[in-house]
Amino acid sequence: MASLSFSLLFRHSETTRRGASRYSSNRGQVFIVQEESRKGRKIVQIMVLVLQNPIVIFRQGNLKQTTFFRSQRESAVVRKKRLLKANLSMCSSITEKVDKAPQKVTFPIVVNGCTGKMGKAVAEAAVSAGLKLVPVSFSSSEESGRVVQVGGMDVKVHGPSGREGILASVCDEFPNVIVVDYTVPAAVNENAELYCKIGVPFVMGTTGGDRERLFKTVEDAKVYAVISPQMGKQVVAFLATMENMAKEFPGAFSGYSLEVIESHQASKLDTSGTAKAVISCFQKLGVSFEVDQIQQIRDPKMQLQMVGVPEEHLSGHAFHMYHLTSPDQTVSFEFQHNVCGRSIYAEGSIDAAIFLHKKVQSNADKRIYNMIDVLREGNMR
Ligand SMILES: NC(=O)C1=CN([C@@H]2O[C@H](COP(=O)(O)OP(=O)(O)OC[C@H]3O[C@@H](n4cnc5c(N)ncnc54)[C@H](O)[C@@H]3O)[C@@H](O)[C@H]2O)C=CC1
Ligand SMILES: O=C(O)C1=N[C@H](C(=O)O)C[C@H](O)C1
């Protein structure tokens with residue numbers, strides 16, 4: 001039984017030059033080395049197990065297990081039996097731990113805006129993470145009726161008409177579904193109002209819209225939501241640090257002047273939501289600066305020559321630069337976060353969806369979260 005479970009979990013992948021058998025699975029690797037070096041009458045058997053998360057059986061202790069057997073004229077049959085027994089006991093301890101390992105979370109997920117860059121990246125990350133992608137996505141009226149291929153699935157695109165009925169049937173058919181929204185700033189409020197009307201938990205990655213109205217809608221409906229203009233783990237950590245600094249040292253930069261430059265792909269419709277969030281911290285730190293002073297760069301030529309965006313990322317990047325100067329110009333500070341591609345945001349969005357799923361399942365009192373909450377509770381991979 002134990003060896004059956006073992007062989008189901010671990011596949012033999014190679015026999016090394018030194019005669020070790022390597023078994024592997026997505027949970028880790030097991031090396032079984034059976035060296036029979038006959039020095040005098042000693043038989044040496046060594047087993048080394050290297051297992052990774054989520055099996056953490058050797059985390060606190062013996063990462064490497066070495067067993068020395070002493071044998072007196074052991075017959076081949078006795079030795080074979082003994083080795084088999086030793087392997088079985090090792091296997092059964094692995095099986096027990098594996099059975100007790102936390103199961104991967106899975107639930108259905110709808111990604112609205114699948115026709116766009118972020119929607120597509122999130123849908124693909126969802127499939128890779130083992131979530132069940134619902135083959136329905138909301139987009140613009142121009143995209144309505146299209147079928148897009150994402151994560152090996154055909155996803156049907158719906159325009160603005162009939163959305164309420166479609167979302168209600170999705171929720172009936174896929175209990176515990178979570179919606180992730182990566183659409184356009186102009187759709188933020190209407191979409192959030194729909195999610196709240198149906199009562200479906202959602203992750204709002206889309207920036208812009210009327211943010212005050214957005215929070216009020218969700219608060220009134222008491223729907224679970226993660227709302228954040230920034231999903232990238234390390235940028236979220238930077239934002240959290242800025243918030244802490246502003247809380248701890250209000251006014252520390254008063255009198256300083258600030259220059260903010262943000263560069264994004266030419267198709268971006270709004271000013272960076274992340275820059276707005278960082279600026280609100282600088283304002284608490286005493287800096288006088290308005291959002292309309294942000295310098296937006298959307299021209300690919302400038303991005304290449306001035307900002308230094310790699311050509312292959314002109315269609316998807318987010319470079320931010322904040323420059324502070326003291327009133328007498330003797331002190332300056334610079335902060336920068338430059339992201340190429342979409343994957344950091346896609347992975348963070350999946351972390352947010354998993355976090356939200358757990359909050360719904362545990363019936364948490366708090367309903368509205370941001371990515372700092374997700375990061376703080378250790379939910380970002
Ligand atoms: N929170 C975060 O970390 C990040 C947020 N974003 C935000 O996500 C949003 C989308 O960004 P991208 O994917 O780069 O844009 P995109 O332009 O590539 O995709 C937007 C998609 O929304 C669709 N759409 C247009 N009108 C719609 C409507 N009324 N309802 C539903 N869908 C509609 C468009 O057809 C398009 O396919 C932006 O607001 C952007 O700022 C982007 C990256 C990271
Ligand atoms: O549109 C984008 O690309 C991005 N949007 C978010 C924002 O507006 O802050 C996050 C990141 O800058 C990428």
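Remember, it's 1-based here, ligands and their atoms both numbered in the order they're listed. What you see is a predicted model, and the numbers here were worked out from it, not measured in a lab. Just the heavy atoms: all of them, side chains too, but no hydrogens, waters or symmetry mates, feed the values below.
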> Taking both backbone and side-chain atoms of Tyr345, is any N or O found less than 3.5 Å from an N or O belonging to ligand 1?
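Such a contact does not occur with ligand 1.
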> Hey, are Glu377 and Lys359 close enough for a salt bridge, meaning a charged N less than 4.0 Å from a carboxylate O?
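Salt bridge between Glu377 and Lys359, a charged N being under 4.0 Å from a carboxylate O: yes.
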> For ligand 1, find out whether one of its N or O atoms is nearer than 3.5 Å to an N or O atom of Gly232.
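By distance alone, the answer is no.
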> Enumerate the atoms of ligand 1 whose separation from the nearest heavy atom of Glu143 is less than 4.0 angstrom.
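Near Glu143, meaning under 4.0 Å from one of its heavy atoms, ligand 1 has 35 (O).
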> Nearest to atom 10 (C) of ligand 1 by heavy atom, Thr206, Asn112, Thr183: which?
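Looking at heavy atoms only, the winner is Thr183.
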> For atom 7 (C) of ligand 2, what's the nearest protein heavy-atom neighbour? Residue, atom name and distance, please.
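Closest protein heavy atom to atom 7 (C) of ligand 2: Gly273 N, 3.4 Å.
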> Taking only heavy atoms of Phe138 into account, list the atoms of ligand 1 that are under 4.0 Å away from them.
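Going through ligand 1 atom by atom, the ones under 4.0 Å from Phe138 are 31 (C), 32 (N).
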> Within less than 4.0 angstrom of ligand 1, does Pro229 place any heavy atom?
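Yes, that is the case, since the closest heavy atom of the residue is under 4.0 Å from the ligand.
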> Return the orientation label for the His264 and His320 ring planes: parallel under 30°, perpendicular over 60°, tilted otherwise.
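Perpendicular.
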> If you have a sec, work out which protein heavy atom is nearest atom 19 (O) of ligand 1 and how many Å separate them, to one decimal?
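Scanning the protein heavy atoms, the shortest distance from atom 19 (O) of ligand 1 goes to Gly116 CA, 3.2 Å.
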> Just to check, does His320 reach to within less than 4.0 Å of ligand 2 when the distance is taken from its heavy atoms?
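Within the 4.0 Å threshold, so yes.
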> Could a heavy atom of Lys120 be found less than 4.0 Å from some atom of ligand 1?
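Not so, Lys120 does not reach ligand 1.
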> What about Asn191: any of its N or O atoms under 3.5 Å from an N or O on ligand 1?
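Among all N and O atoms of Asn191, none is under 3.5 Å from an N or O of ligand 1.
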> Looking only at heavy atoms, is any part of Lys268 under 4.0 Å from ligand 1, and if so is it the side chain, the backbone, or both, or is it neither?
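Answer for Lys268: side chain.
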> Testing the 3.5 Å rule here: is there a donor-acceptor pair between the side chains of Ser228 and Tyr369?
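No, because no side-chain N or O of Ser228 sits under 3.5 Å from a partner of the opposite role on Tyr369.
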> With a heavy-atom distance limit of 4.0 Å, tell me whether Ser140 approaches ligand 1 through its side chain, its backbone, both, or neither.
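For Ser140, the contact with ligand 1 is made by both the backbone and the side chain.
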> Using a strict 4.0 Å cut-off to heavy atoms of Ala187, name the atoms of ligand 1 that fall inside it.
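Close to Ala187: 28 (C), 29 (N), 30 (N).
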> Within the structure, is a non-hydrogen atom of His158 found at a distance of less than 4.0 Å from ligand 1?
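No; His158 lies far enough from ligand 1 that no heavy-atom distance drops under 4.0 Å.
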> Tell me which one of Ser144, Gly205, Ala318, Gly316 gets a heavy atom nearest to atom 1 (N) of ligand 1.
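Minimum heavy-atom distance to atom 1 (N) of ligand 1 goes to Gly205.
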> With atom 8 (O) of ligand 2 as the reference point, say which of His264, His317, Lys268 has the nearest heavy atom.
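The option holding the nearest heavy atom is Lys268.
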> For ligand 1, does Pro160 get within less than 4.0 Å through its side chain, its backbone, both, or neither, judged by non-hydrogen atoms?
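Answer for Pro160: neither.
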> Polar-atom distance check: Asp270 versus ligand 2, any N or O pair below 3.5 Å?
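No; every N/O pair is 3.5 Å or more apart.
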> Do the ring centers of Phe335 and Tyr322 come within less than 6.0 Å of each other?
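No, the ring of Phe335 stays outside the 6.0 Å limit from the ring of Tyr322, centre to centre.
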> Check contact between Gly208 and ligand 1, using heavy atoms of the residue and a distance below 4.0 angstrom.
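Gly208: no contact with ligand 1 (<4.0 Å).
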> Is Thr274 in polar range of ligand 2, meaning some N or O pair under 3.5 Å apart?
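Yes.
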> When you measure from the heavy atoms of Ser267 to every atom of ligand 1, does any distance fall below 4.0 Å?
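The answer is no: ligand 1 sits nowhere under 4.0 Å from a heavy atom of Ser267.
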> Measuring from the heavy atoms of Arg342, does anything fall under 4.0 Å of ligand 1?
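Right, Arg342 reaches ligand 1.
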> For atom 34 (C) of ligand 1, which candidate among Ser139, Ala186, Ser137 holds the nearest heavy atom?
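Comparing heavy atoms across Ser139, Ala186, Ser137, the nearest one to atom 34 (C) of ligand 1 lies in Ser139.
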> Pick whichever of Gln230, Met371, Met118 has a heavy atom sitting closest to atom 12 (P) of ligand 1.
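Going through Gln230, Met371, Met118 one by one, Met118 has the nearest heavy atom to atom 12 (P) of ligand 1.
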